[in-house]
Amino acid sequence: MAVISPTQPTHRRGGRGASGPRPPRRVGFSQRLGRWDVKLSPYLYISPFFLLFALTGLFPLGYTAFVSLHEWNLLGGQGEFVGLENFSAVLAQPVFWKSLVNTFSIFVFSSIPQVLLAITIAALLDQNLRAATFWRMGVLIPYVVAPVAVSMIFGRLFADQYGLINELLGIVGIDPVGWHSDRIASHVAIASMVNFRWTGYNALIFLAAMQAVPRELYEAAVIDGAGRVRQFFSVTVPQIRATIIFIVITSTIGGLQIFDEVRMFDSTGLGGANRDWMTTVVYLYDVAWGNQKDFGRAAAVAWLLFLLIVLIGMVNFLITRRISTSGPKAPAVSRRHTRRLLAQARAAGGAGTATAAPAPAPTPTDPTTDREDRR
């Protein structure tokens, strides 16, 4: 008969045979290294992103704030500390407010139709089409084209005298539109460039979200008698709410930073003679590299635009989140009521344990009887 002995000796206490607590084991360096690996390795894996973000995001943002608080000229370099004087000087210029209005106008003309067209195109591409891959890749071609090339082409299409758009309007009996002389018309023309370039990109993102929707939901909707339009609004849209929130926020950020389309829309690149389509980013460029050559004020414009984008992004996020979570909600339970219920449950559990009778000891059974029972 083999006897298995314990790997560690049993420590006696007081010579009575009762086993005492084990002495604490000394943790080796390899075990400590293993624990450190488990705790620190996840942070090391994600550290490259935060390091790159600190170098390319946080540092330029902080340095821009530092420049905005100083008198900083292109030729003279850093000057004396002026505090918020650059911000007050920028806010006092009428051109800044005009550029801000132009930015919002172009943003409205571009972002809202862009999201609606993108989700509509994505719904069409989600159907059973022949050569579906060809059509899905085709909507991405405008995004591949360089923004400068798109701006130059659309600048010729929307020319005031010999543009193709005015020629087509003249065929149907509509007078030519002054795309470079009318303020609203110029905003529509620039917004069309933005929509041409970004609609297909957003459509593919919507399409990826739609393909992740379970097909059983559409089958159930068909059984209930829902048509294509009803399926879209009752099944597709609720299932891709998170993607809609993402597209709205990214479109807002991109729409408030329009530069290439405005810069290439005319020969001067400063929003026309009256600055009718000058955006805030183009105004920032003019302050830094134009006649003023004032980096301090340009940094102040950059920070004002940054705060504005953050504010509008938060408003968009809260509105879209409220819409996405709208619906019947469970009644709220206060913390006081929850604590009272937990205390009652603990008290009931303790009373039940104290009054419970001890379980009877198992009685020995005859092996013969046990063998017969098993049969």
Side-chain angles (χ1 to χ4, degrees), residues 103-129 131-151 153-154 157-158 187-214 218 228-229 231-265 279-281 305 308-325:
T103 302
F104 274 100
S105 177
I106 297 174
F107 161 70
V108 171
F109 283 123
S110 61
S111 295
I112 296 178
Q114 180 185 141
V115 174
L116 297 178
L117 286 174
I119 196 171
T120 303
I121 294 173
L124 295 175
L125 294 176
D126 194 33
Q127 308 300 321
N128 293 326
L129 301 176
T133 305
F134 170 78
W135 296 111
R136 292 170 184 175
M137 294 301 297
V139 298
L140 196 61
I141 293 177
Y143 176 74
V144 180
V145 181
V148 176
V150 174
S151 302
I153 293 172
F154 273 78
L157 291 176
F158 287 98
H187 295 178
V188 173
I190 295 173
S192 65
M193 305 182 202
V194 180
N195 293 333
F196 172 79
R197 187 164 180 260
W198 290 99
T199 300
Y201 176 81
N202 293 329
L204 288 184
I205 298 178
F206 279 128
L207 178 61
M210 291 178 183
Q211 290 182 340
V213 177
Y218 294 104
R228 292 295 179 89
V229 178
Q231 293 177 25
F232 176 76
F233 287 102
S234 299
V235 178
T236 305
V237 173
Q239 292 293 322
I240 62 171
R241 283 175 177 174
T243 306
I244 294 176
I245 295 174
F246 171 77
I247 294 296
V248 168
I249 293 177
T250 54
S251 298
T252 301
I253 296 174
L256 296 177
Q257 295 179 343
I258 299 175
F259 177 78
D260 296 333
E261 293 81 359
V262 178
R263 180 70 177 166
M264 300 299 298
F265 189 61
T279 58
T280 306
V281 180
L305 182 61
L308 182 63
I309 291 175
V310 170
L311 178 61
I312 297 177
M314 291 298 298
V315 171
N316 278 340
F317 176 75
L318 294 176
I319 292 176
T320 51
R321 185 179 180 182
R322 186 177 182 86
I323 294 174
S324 63
T325 57

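These numbers come from a predicted model, not from an experiment. Quick note: residue numbers are just sequence positions, from 1.
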- What is the minimum heavy-atom distance between S251 and V115, and which atoms define it? OG-CG2, 4.1 Å
- Task: For a side-chain contact (heavy atoms from CB on, under 4.5 Å) with I258, tell me which candidate from T280, V194, V281 qualifies.
- Result: V194
- Task: Sequence neighbours left out, what passes side chain to side chain donor-acceptor pair (under 3.5 Å) with S111? Give chain and number order.
- Result: none
- In this structure, CE of M314 is separated from OG1 of T252 (nearest 0.5 Å) by 13.0 Å
- Query: Among all residues two or more places apart in sequence or in another chain, which pass the side chain to side chain donor-acceptor pair (under 3.5 Å) test with T250?
  - Reply: none
- Message: Return the CE to CG distance between M137 and L125, rounded to the nearest 0.5 Å.
- Response: 12.0 Å
- Message: Rounded to the nearest 0.5 Å, what separates atom CD in Q127 from atom CZ in R228?
- Response: 4.5 Å
- Query: Distance from M193 atom CE to F154 atom CZ, nearest 0.5 Å?
  - Reply: 7.0 Å
- Query: Quick one: salt bridge (Lys or Arg N to Asp or Glu O under 4.0 Å) partners of D260, sequence neighbours excluded?
  - Reply: none
Identify each donor-acceptor pair in which a side-chain atom of residues 198-206 lies under 3.5 Å from a protein atom, sequence neighbours left out, and give them as a table.
{"from": "T199", "atom 1": "OG1", "to": "N195", "atom 2": "O", "distance (Å)": "2.4"}
{"from": "N202", "atom 1": "ND2", "to": "Q114", "atom 2": "OE1", "distance (Å)": "2.6"}
{"from": "N202", "atom 1": "ND2", "to": "W198", "atom 2": "O", "distance (Å)": "3.3"}

- Note on the structure: L308 meets the side-chain contact (heavy atoms from CB on, under 4.5 Å) criterion, sequence neighbours left out, with L100, F104, I312
- Could you give all pairs that pass the side-chain hydrogen bond (donor to acceptor under 3.5 Å, both in side chains) test and reach residues 135-151, with sequence neighbours left out? none
- Non-neighbouring partners of F232 that pass side-chain contact (heavy atoms from CB on, under 4.5 Å), sequence neighbours left out: I119, A123, M210, T236, V237
- List in chain and number order the residues that pass side chain to side chain donor-acceptor pair (under 3.5 Å) with S110, two or more places apart in sequence or in another chain; answer none if no residue qualifies. none
- Query: Among all residues two or more places apart in sequence or in another chain, which pass the side-chain contact (heavy atoms from CB on, under 4.5 Å) test with I112?
  - Reply: V108, L116
- List for me each residue that meets ring-ring contact (aromatic ring centres under 6.0 Å, His included) alongside F259, sequence neighbours excluded, and say none if there are none. Y285
- With side chains defined as the heavy atoms from C-beta onward, is the minimum distance between I309 and Q257 less than 4.5 Å? yes
- Query: What's the shortest heavy-atom distance between T279 and I106, and which atoms?
  - Reply: CG2-CD1, 3.8 Å
- Checking S192 side chain against A189 main chain: does a donor-acceptor pair fall under 3.5 Å? yes
- Query: Out of curiosity, F107 CZ to I190 CD1, how far, rounded to the nearest 0.5 Å?
  - Reply: 15.5 Å
- Task: Nearest 0.5 Å please: distance from the OH atom of Y218 over to the CD atom of Q239.
- Result: 7.5 Å
